[in-house]
There are 2 protein chains.
Amino acid sequence: MTRTPLSGVACSIARATDLFGDAWTALIMRDVLTGIDRFDELAQDLGISRKVLTVRLARLVEEGVLVRERYQERPPRERYAATEKGEELYPVLLALMSWGDRWYAGEAGPPARIHHLDCARDTTMVAACAHCGGPLTPENTTQLPGPGGRIGPGTRVLGPLLAARTERGDPDV
Amino acid sequence: MTRTPLSGVACSIARATDLFGDAWTALIMRDVLTGIDRFDELAQDLGISRKVLTVRLARLVEEGVLVRERYQERPPRERYAATEKGEELYPVLLALMSWGDRWYAGEAGPPARIHHLDCARDTTMVAACAHCGGPLTPENTTQLPGPGGRIGPGTRVLGPLLAARTERGDPDV
DNA sequence: CGAAAGAGTTCCTTCAGGGAACTCGCCAGG
DNA sequence: CCTGGCGAGTTCCCTGAAGGAACTCTTTCG
């Protein structure tokens, strides 16, 4: 197999995917942020092979997304805690969850609700502009090469959507 | 290998991850939403094995995230287009991109900018509450079982963060 | 003392991913 | 009419990561 290493590619999605794009990392982060943070707890909750869990956790620690900390001597007990970098993956989890809720919730409705303490309501995540707070959609955004963008093969980062659509003659632009 | 099937688990993150949690799907969606939508274009841009690309595209079509459409007879030419379900993965891509920008952009800055047409500024995505528009963070959200939530092993969906934190005696709550 | 929990290791098997070559329909040029 | 080339996949072989279950160590509990 030997997953193609994407970390060298000048695309932030590729870089994030290089870490996050496997079957378990998202679920591990969900659990750790949720308070399931010990090795055996994780192994049981996820049903993941202990070997693979070892490898994943090591990778996440190496990347600075988690820290392994001994929270108790005698008997020695470890737990994995999210760093700031790890906590900032929360929007990714919320986005995945919103999408899953929207498209895979059965008749019974989504399996969980997010409760927003600030407004005291159950809610869902929307992608918002950091400046104006308005929604961010494929229709109202374009992409331009950034300062660190070396243009070349594999360098695309959600390119000019509108431009592409316009070229194709899409009517809804 | 044989990835553990997560689609049966009552967790929207797991369901989304079942589709999205591999090395290539995010990049494929990025490209398709960007206008790179033909088989060979994708293969070249991504550097993905053609075999794997075939399998991925078939899966995405099967899931209703993409549609394969013939945009030209004689000679027959196909392209892959995002459905509504596919377009709604945009927030996931933006979240991954924001995170990657924040933590992996070199000194030169991020490789691309998102331009928000509504406010005419380059911007980044923030996770916002669908009701009040306020930010959604691990600190100001809790999770409760939803209507479709059958509690049991593997059912957790970003559980009660605050509760977990409080139990552990974290000071910052 | 024996059992049990926490945290991993080790070993074996299997199958998905990488890579490169091969196919097939259709058109363009000499 | 034959050759070349593009688009869109297939086919084949090889490697190595994921699964799964058993094994190891340490430390505490009854």
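So you know, we letter chains A, B, ... as the sequences are listed, proteins then strands, and number each from 1. Heavy-atom basis, side chains included; hydrogens, waters and symmetry copies ignored. Since this is a predicted model, take the numbers as computed values, not measurements.
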* **Minimum-distance nucleotide (side-chain atoms of Arg50(A) versus dC13(D), dT9(C), dG19(D))** =>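 Selected nucleotide: dT9(C).
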* To do: Could you check which of dT27(D), dC26(C), dG8(C) has an atom nearest any side-chain atom of Thr54(A)?
  =>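 That would be dG8(C).
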Check whether any side-chain nitrogen or oxygen of [X] sits under 4.0 Å from OP1 or OP2 of [N], and answer yes or no.
X: Tyr71(B); N: dG7(D); result: no
X: Arg38(A); N: dA7(C); result: yes
X: Arg68(B); N: dG9(D); result: yes
X: Trp24(B); N: dG18(C); result: yes
X: Tyr80(B); N: dG7(D); result: no
X: Arg70(B); N: dG7(D); result: no

Calculate the interatomic distance between [X] atom [atom1] and [N] atom [atom2]; express it in whole Å.
X: Gln44(B); N: dC6(D); atom1: CD; atom2: P; answer: 10 Å
X: Ile36(B); N: dG7(D); atom1: CD1; atom2: P; answer: 14 Å
X: Arg59(B); N: dG17(C); atom1: CZ; atom2: P; answer: 11 Å
X: Glu69(B); N: dA8(D); atom1: CD; atom2: P; answer: 12 Å
X: Phe39(A); N: dA7(C); atom1: CZ; atom2: P; answer: 9 Å
X: Gln72(B); N: dC6(D); atom1: CD; atom2: C1'; answer: 11 Å
X: Ile48(A); N: dA17(D); atom1: CD1; atom2: P; answer: 15 Å
X: Leu53(B); N: dG19(C); atom1: CG; atom2: P; answer: 14 Å

* Asked: Side-chain donor or acceptor of Arg77(B) under 3.5 Å from a matching atom on the base of dA8(D)?
  ->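 Checked by distance alone, the answer is no.
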* Please evaluate the base of dG9(D) for a donor-acceptor partner in the side chain of Lys51(B) within a cut-off of under 3.5 Å? =>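 Check fails, no donor-acceptor contact within cut-off.
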* With side chains defined as the heavy atoms from C-beta onward, is the minimum distance between Arg50(A) and Phe39(A) less than 4.5 Å? ->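 With C-beta onward as the side chain, the pair touches.
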* Audit row: Arg30(B), Leu96(B), side chain to side chain contact (heavy atoms under 4.5 Å, CB included) steps and yes/no -> CA-CA 11 Å; Arg30(B) 173 201 65 178; Leu96(B) 285 170; over 6 Å; no
* Could Glu41(B) and Arg79(B) be called an ion pair, given the rule that one side-chain N must be under 4.0 Å from one carboxylate O? ->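 Looking at Glu41(B) and Arg79(B), the cut-off is not met.
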* Asked: Can Asp18(A) and Arg59(A) be counted as an ion pair, charged N to O under 4.0 angstrom?
  ->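 A salt bridge links Asp18(A) with Arg59(A).
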* Of Pro75(B) and Val52(B), whose closest DNA chain C nucleotide lies nearer the 5' terminus? ->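 Closer to the 5' end of DNA chain C: Val52(B).
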* **Main-chain N/O of Asp122(A) paired to His131(B) side chain as donor or acceptor, under 3.5 Å** =>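 Judged by distance alone, yes, a pair lies under 3.5 Å.
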